[in-house]
Trainee: 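Okay, here's the structure, questions in a sec.
Predicted, not measured: the structure shown is a model, and the values here were computed from it.
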Amino acid sequence: MTERQTFPVVGMMCAACSANVEKRLREMEGVTDVSVSLPGRTAMVDYDPEKVTPDDMHREVAAAGYELIIDTETNVEDLQRRAFVSLRWRTIVSWLFAAAVMVLSMHWIHLGSHLTNHIVCLVLAATSMVLCGRQFYVVAWRQLMHRSANMDTLVALSTGIAFLFSVYLTFTGAEHTWFDSTTMIISFVLTGRLLEERAKNGTASSIRALMGLQPKTAHLVNMDDDSISDVPIATLQPRDMLEVHLGEAIPVDGVMRSGEAAVDESMITGEPVAIPKQKGDKLLAGTIVRQGSLRMRAQQVGSETVLSGIIRMVQQAQSSKAPVQRTVDKVALVFVPTVLGIALITFAAWMLVNGDFQHALISAVSVLVIACPCAMGLATPTALMVGIGRAAERGILIKDATALEQLHRVDALVTDKTGTLTIPNTDITATDNLAYEERETLKPHAEEAIARLRQMNVEVWMTSGDRDDAAVYWAERAGIGHYRSKVMPQDKEDLVSALQQKNHTVAMVGDGINDTQALAAADVSIAIGRGTDVAMELAQVTLMGDDLRAIPDAIKLSRQTVRTLRENLFWAFIYNVICIPLAAGVVPSIHITPMWAAALMAFSSVSVVLNSLRLKLKKI
C-alpha cells in the first residue's frame, strides 16, 4: 500500500538541484515515484511506508546538501520569508562591494599606487565572497563531496578562479586584475536569484489565495452553558458546535443546526450568488457568511475538509511534471559536468591558438558563468504552476501536468445529457405527456459554451439514455450537431473509442458515476459537480461549479499554458546554445567578459519566469 506526500525542500536553486534531489529519492528502496518542483520547492513522493519513512528521505536529501521538511509543525512560509530577506540583504551589500571594487579597478579613485588599489580590491572582493557569496562555496563543496554539481559549482569555480588569478596578478605587478569580475558575478547571480524568488512567489499565489480562505480561529460553543470561546482551528473535533458570524469564513465542513444565513460559496463552486441556508444544509470550510449568522455541527475537520482536498489536489498538480520535463531533468543532470568540460576545452584551445594564459583563463571563466541550467529548470514548472493555479482560481481543478498537456490537444468532446447538459426536474415523474421543458431545463450558458467549443474546432457529441426525439430536441437546443440516444454505459465508451480510432483526442464530460466507463476510456476525463459529490479520484479535470463555460475556459487555458511552456523551453535552450559558444570565443569579434556573462545568465532565468507570469494577464 503506497502513500503520497508532498514535502517542502529547502536549498534548491537550479535544475541540477531539483534533478539531484529527485534522483536521490527515486533510488531509495520503497519509493515508487517522485516529482520535484523547482519553483514550488516541493517533492511529491509515492512510497511504501513499510519500506521507507520520511525520516529516511530526510537523511538521504540532507546528504546531498538540501533539506527535506518532514515536520508538519514547521512554518515553511516563515522559513522562505526569512531566506528571502537574507537574500535581499546579501544582494544589496554585494552591490556596495561591487561598486567600490569597480571604482578602484577603473582608477576613478587612486589610492597612491596600483599595488595599493589592487590590495584594497582584494580585501573588498574577499569580504564580498565571504559575506555575500558564502553559500555558493558551501553548497559547491557539499556537491563535490557527493560527486555531483549544480549552478553553485559553476559560480564558485568561476569566482574562485578569477579571484585567485587576480591575487597572482596583484603581486606580480600587473596593471589590471579581475577582482571587479569576481564581485560583479556574485552581485548579478544574487540579483537574478532575488528576482527569480519574487517571480516564483507570484507563480504560487493561487495556493496562497486558497490557503487564505481558511480562518485561523473558530467560535466554539460550550453546550453546557452556551458560552462561546475562540479556539485555534487545529483544535476542532468532529461534532463540535460552532458559531459563525456575518462576514466570517466557515472554519470546517459541517451541517447547519440553527440561524438564518446566506453563504457565498463562489470560491468553491464558482457560483457568484450567496446561497440561502437552512437547518440540515451542508456547509463548506472557507465559504463566507454574507447574510445573517448561524450555528453548525462540525463534521470534517483539518485535512479532511473539501477546501483542504482542493488545496492538496492543486499542490500535487503543480508538483507534477509534464512528459517533456523528464527529458529536461535528464539534460540537467549532465549539464553542469558538460559545461565544466567545455570550459576546460576552451582553456586548452586558446592556449594552443595563441598561448595567452590570461585570455584562455578568462574565456573559460566566462563559459562557466554564462551557462544557465536555471532557465531550463524553470521553463516548464513555472508555466504549469501559473496555468494550474489560475485554473483553480476559476473553479477548474486539473489533476496533473499530463492532464493539462492532453487537454490542449482535445478536438472532440463527448458530453452526457442529464445532469451535465441539462437540469432534471426532480419534482415530477417523466411521462410521455410532459413537454421536454417540463422534464428538464438546459443549464444556463450551455449554448454559449457549446458555441465557444465549436469556434475552437472541438467536435461536440451528446449522449443520452433518453428517446431519440428527446435527444434531437436537446441537441438542437444546445447547438450540438452530433448525438447518440438510448445509450448504455458501454455505448458511451464505444463512442469514445470510435472517435479515438479516427485520431481524435477525446474529452468526456460526465457526473463521474454512471459515466465511469467512458470517463476512464477518454484521453481527458472531466467531472462536473459542486465539490462534495464529484468523482475527483477518477476525473483528470474537475469543474467545481455547474457553469459549462468552464470547459472551453479549461481548454483555452491549457493551450495558453502549453504555448508558454514551449516558448520557455525554446528560449532556455537557445540561450545556452548561442551564449556558451560566444563566451568561449567562437566568434572572435565578440568577447563576453565574465561580468557580462553573469548579467546575461541572470537575465535568462528571470525572463523565463516573467514569461510564465504573463499567463496571469492573458484573457480566457
Trainee: Kindly indicate, with the supporting measurements, whether the criterion salt bridge (charged side-chain N to carboxylate O under 4.0 Å, His left out) is fulfilled by Arg24 and Glu60.
Mentor: CA-CA 7 Å; Arg24 284 271 184 169; Glu60 185 68 20; 3.2 Å; yes
Trainee: So that I can tick it off, tell me whether Arg394 and Asp553 are bridged by a salt bridge, with the cut-off set at under 4.0 angstrom between side-chain N and carboxylate O.
Mentor: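 Arg394 and Asp553: salt-bridged.
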Trainee: So, taking the atom named CG in Asp230 and the one named NE2 in His219, what distance separates them when rounded to the nearest 0.5 Å?
Mentor: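 Going from the CG atom of Asp230 to the NE2 atom of His219 covers 5.5 Å.
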Trainee: Looking at every non-hydrogen atom in both residues, tell me the closest pair between Ala522 and Ala507 and how far apart they are.
Mentor: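 Answer, listing the atom of Ala522 first, then Ala507: CB-C, 4.4 Å.
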Trainee: Verify whether one side chain among Ser612 and Asn568 offers a donor that lies under 3.5 Å from an acceptor in the other.
Mentor: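 There is such a pair (donor and acceptor under 3.5 Å, judged by atom type) between the side chains of Ser612 and Asn568.
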Trainee: To the nearest 0.5 Å, what is the distance between CG on Leu194 and OG1 on Thr91?
Mentor: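 Reported to 0.5 Å precision, the distance equals 4.5 Å.
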Trainee: Apply side chain to side chain contact (heavy atoms under 4.5 Å, CB included) to Met57 and Gln5, showing your working.
Mentor: CA-CA 12 Å; Met57 297 180 216; Gln5 271 190 273; over 6 Å; no
Trainee: Locate the shortest heavy-atom distance separating Asp253 from Val306; write the atom from each residue and the value.
Mentor: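 Closest approach of Asp253 to Val306: OD2-N, 2.8 Å.
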Trainee: At what distance, to the nearest 0.5 angstrom, does OG1 of Thr183 lie from CE of Met129?
Mentor: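 CE of Met129 is found 10.0 Å from OG1 of Thr183.
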Trainee: Between the side chains of Asp33 and Arg26, is the shortest nitrogen-to-carboxylate-oxygen separation below 4.0 Å, so that they form an ion pair?
Mentor: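 Yes.
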Trainee: How far does CZ of Phe335 sit from CG of Leu340, to the nearest 0.5 angstrom?
Mentor: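 Separation between the atoms: 10.0 Å.
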Trainee: Ignoring hydrogens, what is the shortest heavy-atom contact between Leu407 and Ile526? Give both atom names and the distance.
Mentor: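 Of all heavy-atom pairs spanning Leu407 and Ile526, the closest is CD1-CD1, 4.5 Å.
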Trainee: Which atoms form the tightest heavy-atom contact between Leu25 and Ala43, and what is the distance?
Mentor: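 Nearest pair, atom of Leu25 first, then Ala43: CD1-CB, 4.1 Å.
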Trainee: Is any side-chain N of the basic residue among Glu27 and Lys23 closer than 4.0 Å to the acidic one's carboxylate O?
Mentor: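 Answer for the salt bridge query: yes.
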Trainee: Out of curiosity, Met28 CE to Thr53 OG1, how far, rounded to the nearest 0.5 Å?
Mentor: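 The distance works out to 7.5 Å.
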Trainee: Going by atom types alone, do Gln406 and Arg409 pair a side-chain donor with an acceptor below 3.5 Å?
Mentor: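 Yes, because at least one side-chain N or O of Gln406 sits under 3.5 Å from a partner of the opposite role on Arg409.
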Trainee: Counting heavy atoms not belonging to Glu3, are there more than 12 under 6.0 Å from its CD?
Mentor: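 Atom CD in Glu3 is crowded, with more than 12 foreign heavy atoms closer than 6.0 Å.
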Trainee: What distance do Ser158 atom OG and Met601 atom CE have between them, rounded to the nearest 0.5 Å?
Mentor: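 The CE atom of Met601 is 8.0 Å from OG of Ser158, to the nearest 0.5 Å.
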Trainee: Between Trp95 and Phe188, is a ring-ring contact (aromatic ring centres under 6.0 Å, His included) present by the stated rule, with each step listed?
Mentor: CA-CA 9 Å; Trp95 277 110; Phe188 275 122; 5.2 Å; yes
